[in-house]
Amino acid sequence: MTEKARKQSEKTATLFIDELEDDSARLLFDQRSFTVPRALLPEDSHEGEWLSLSFARTSPPPDDTAARRERLGADDPGGTIKL
């Protein structure tokens, strides 16, 4: 992809950090607020700061569905779930 094509497929927004909690962050964009995992923000982010957020199309990640199922099921004893 050329630099010009990449820039055309990229979008940037300016967001305000309204509130930080243990694992989440409330961000403001125009008149909207939304919550994201705090792990997505730079480590030294603080309430009251502004962030630049960029979106760009990318290739999908490799299909590792089988390996992921194997990892998730490794400690599954099977059988009926008891609540």
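- If you chain together hydrophobic residues whose side chains sit under 4.5 Å apart, W50 and F29 never meet in one group.
- For the pair S33/L27, no side-chain contact is recorded, criterion being any heavy-atom separation below 4.5 Å from C-beta on.
- Looking at V36 and L41, their side chains come closer than 4.5 Å, going by heavy atoms from C-beta outward.
- With contacts defined as side-chain heavy-atom distances shorter than 4.5 Å, the pair L51/T14 does not qualify.
- Of the inter-residue distances, the one linking S54 atom OG with K11 atom NZ reads 11.5 Å to the nearest 0.5 angstrom.
- No chain of hydrophobic side-chain contacts below 4.5 Å, direct or via other Ile, Leu, Val, Met, Phe, Trp or Tyr residues, connects L53 to L28.
- In this structure, S9 and R57 approach most closely via the heavy-atom pair CB-NH2, 3.3 Å.
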Name the atoms and distances for all side-chain donor-acceptor pairs under 3.5 Å in residues 16-25, with sequence neighbours left out.
from : atom 1 : to  : atom 2 : distance (Å)
D18  : OD2    : R26 : NE     : 2.7
D18  : OD2    : R26 : NH2    : 2.6
E19  : OE1    : R26 : NH1    : 3.1
E19  : OE1    : R26 : NH2    : 3.0

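- Listed by first and then second residue, the ring pair (Phe, Tyr, Trp, His ring centres under 6.0 Å) pairs involving residues 62-83 amount to none (not counting sequence neighbours).
- Counting only residues at least two apart or in different chains, side chain to side chain donor-acceptor pair (under 3.5 Å) contacts with residues 64-73 comprise D63-T65, D64-R68.
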